[in-house]
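See structure below.
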Protein chains: 2
Amino acid sequence: MMQIKPLARKLGAFVALTDAELSVLDGLHKRRRTFVAGRDLVHQGQSDQAASILISGWACSYKLLEDGQRQIVDFQIPGDFLSLRSVVLHISDHSIEPVPDIEVTEVNISDLMKAFSDTPRLATAVLWAASRDEAMVVEHLINIGRREAEVRVAHFLLELGARLALVGLGSKAGYACPLTQYLMADALGLSSVHVNRVLRKFREGFVTFYNYDRLVKFADFEMTYLDQIGPLLA
Amino acid sequence: MMQIKPLARKLGAFVALTDAELSVLDGLHKRRRTFVAGRDLVHQGQSDQAASILISGWACSYKLLEDGQRQIVDFQIPGDFLSLRSVVLHISDHSIEPVPDIEVTEVNISDLMKAFSDTPRLATAVLWAASRDEAMVVEHLINIGRREAEVRVAHFLLELGARLALVGLGSKAGYACPLTQYLMADALGLSSVHVNRVLRKFREGFVTFYNYDRLVKFADFEMTYLDQIGPLLA
DNA sequence: CGCCTAGTTGAGGTAAGTCAATTCACGTGG
DNA sequence: CCACGTGAATTGACTTACCTCAACTAGGCG
């Protein structure tokens, strides 16, 4: 199956998985489902969560405020888990919306647990992936809390690029991005109008990923939190 | 030991732990150490992390930016783990600073792993605690991204209050707060001057926790992400 | 007694928001 | 094939929430 590669590829960037482990990983992918863009697949407050793995397309997890504003917490790209934390908490603290149409495969929690005890290296790899996701949320928080709009947008674009590169969907030359400016605004804590202005300024100026290094510097982009320092496992 | 209660108390709010489990938990607490306020106990980028449990005092985990600004990601209060994620990632993506003087006990990773396999309920409880911490970071992100200063400060104060209440260090009537306005500013993505003004306005107005319910409403404070919906374990 | 840190307060500046109009790309039905 | 509708991007004019700079006060402590 070519399509279930992204997770294996992402984890593989961190530990070299054996064929046996890869096949256990493959075995986790159960029912495949598709969802159309814009219609939530998980609602804030919903209990009884199942986890799934994103195969194709992007999704975003967000939370709505009383006054109708929303804040996007994170985007998920192929290879990412959806709702992993919700499984532990037994309730989803956020909603998830497919950005373009998406394909996912559901994961049986009991299968997952069994896979973890049978294949500890896999358990470690998934734990690592979850910790990396958490580190990304932290970086997102810093981005919103302390960086001004231009740097913030640049940092955001670079981080997405780095993540996509890890699953073979982009490079330093760029990547296909299905996000609207409204989505970016909700992720970055800005208004869509302002996102538009920033992007225009980038276009007029030096930025579009030609000049990757300059952009990295400008955005104060430190990817150690995405990188792994050598294999974690022996 | 009266002082190692907070963790047990926090976990106990989520699963009723047996005496046996409690004693395993107690056994995790190894060498006790103290650190003085203001001197980092962990530095951003430091590898080779050990986990510890905060016994008394508060700490904050933060990240510094190139230009010298800082963003505080979270405060830790008694009963919280320090550096749990750093253990998995094998590197700390943030620094940790004691706010007043603190006491911690170090935790041996191998002990922790053994405790998890011997006492699965304990493992689940700790996993739950970690997930709750993650949910708090998410809520913090939303707070910074989409709420204006006054609501943001109110929400922050309420969340701290709820967390402290869970370990017996506060109530709806209030709590002892060792934070300076500078610390609050760095946590909330505001300037200390502005924090000061907001607090003044609160003092002049209706707020100081007398009127808890009104404050909750004002702050759009939804504590389901802190609560647990009944015991997760049978 | 004098320093140092935290808290306060005012004046003035600016990054980013809101409101609103316009354009553009597109799909869809007549 | 064209009129129309819809969602996204764009742009301008104006407002504002929050920032910076700077001065001053009040405790705590060697």
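First the proteins, then the strands, lettered A, B, ... as listed; each starts at 1.
- When distances are taken from the side chain of B:Arg197 to each of C:dA11, D:dT10, C:dG17, the shortest belongs to C:dA11.
- Counting distance only, with no hydrogens placed and no angle test, the side-chain atoms of B:Arg200 and the base atoms of C:dG7 include no donor-acceptor pair under 3.5 Å.
- The separation between B:Asp67 atom CG and D:dT20 atom C1' is 14 Å, rounded to whole Å.
- Between B:Leu183 atom CG and C:dA6 atom C1' the separation is 11 Å, expressed in whole Å.
- Judged by distance alone, the side chains of A:Thr34 and A:Glu103 never bring a donor and an acceptor atom under 3.5 Å apart.
- The side chain of B:Ser191 has D:dC19 as its nearest neighbour among D:dA9, D:dC19, C:dG7.
- Which of C:dG7, D:dT20, D:dA8 sits closest to the side chain of B:Asn196 comes down to C:dG7.
- Between the CG atom of B:Leu199 and the C1' atom of C:dG7 there is a distance of 10 Å, rounded to whole Å.
- Residue B:Leu190 is in sugar-phosphate contact alone, with no base atom involved, counting any heavy-atom pair closer than 4.0 Å across all strands shown.
- Counting to the nearest Å, the P atom of C:dG17 and the CG atom of A:Leu188 are 10 Å from each other.
- Residue contacts shown for B:Gly38 are absent, as no nucleic acid heavy atom lies under 4.0 Å away.
- D:dC18 atom P lies 21 Å from atom CZ of A:Arg147, rounded to whole Å.
- Between the P atom of D:dG7 and the CG atom of A:Leu179 lies a distance of 19 Å, rounded to the nearest Å.
- Using a distance-only test at 3.5 Å, with no hydrogens or angles considered, a donor-acceptor pair links the side chain of B:Ser191 to the main chain of B:His194.
- Note on ring orientation: taking the six-membered ring where Trp is involved, the planes of B:Phe202 and B:Phe218 are perpendicular (angle over 60°, cut-offs 30° and 60°).
- Of the two residues near DNA chain D, A:Tyr182 and B:Glu148, the one whose nearest nucleotide lies more 5' is A:Tyr182.
- Checking C:dA20, D:dA9, C:dA6 against every side-chain atom of A:Val193, the shortest atom distance belongs to C:dA20.
- Note: NZ (B:Lys201) to P (C:dG10) measures 15 Å, nearest angstrom.
- At least one donor-acceptor pair under 3.5 Å links the side chain of B:Arg146 to the backbone N or O of A:Arg70.
- Between A:Gln181 and D:dT10 there is a side-chain N or O to OP1 or OP2 distance below 4.0 Å.
- In terms of modelled atom types and a separation under 3.5 Å, the side chain of A:Asp40 and the main chain of A:Ser95 share no donor-acceptor contact.
- Atoms NE2 (B:His194) and C1' (C:dT8) sit 15 Å apart, rounded to a whole Å.
- Distance from the side chain of B:Arg203 is smallest for C:dT8 among the nucleotides C:dG10, C:dT8, C:dA16.
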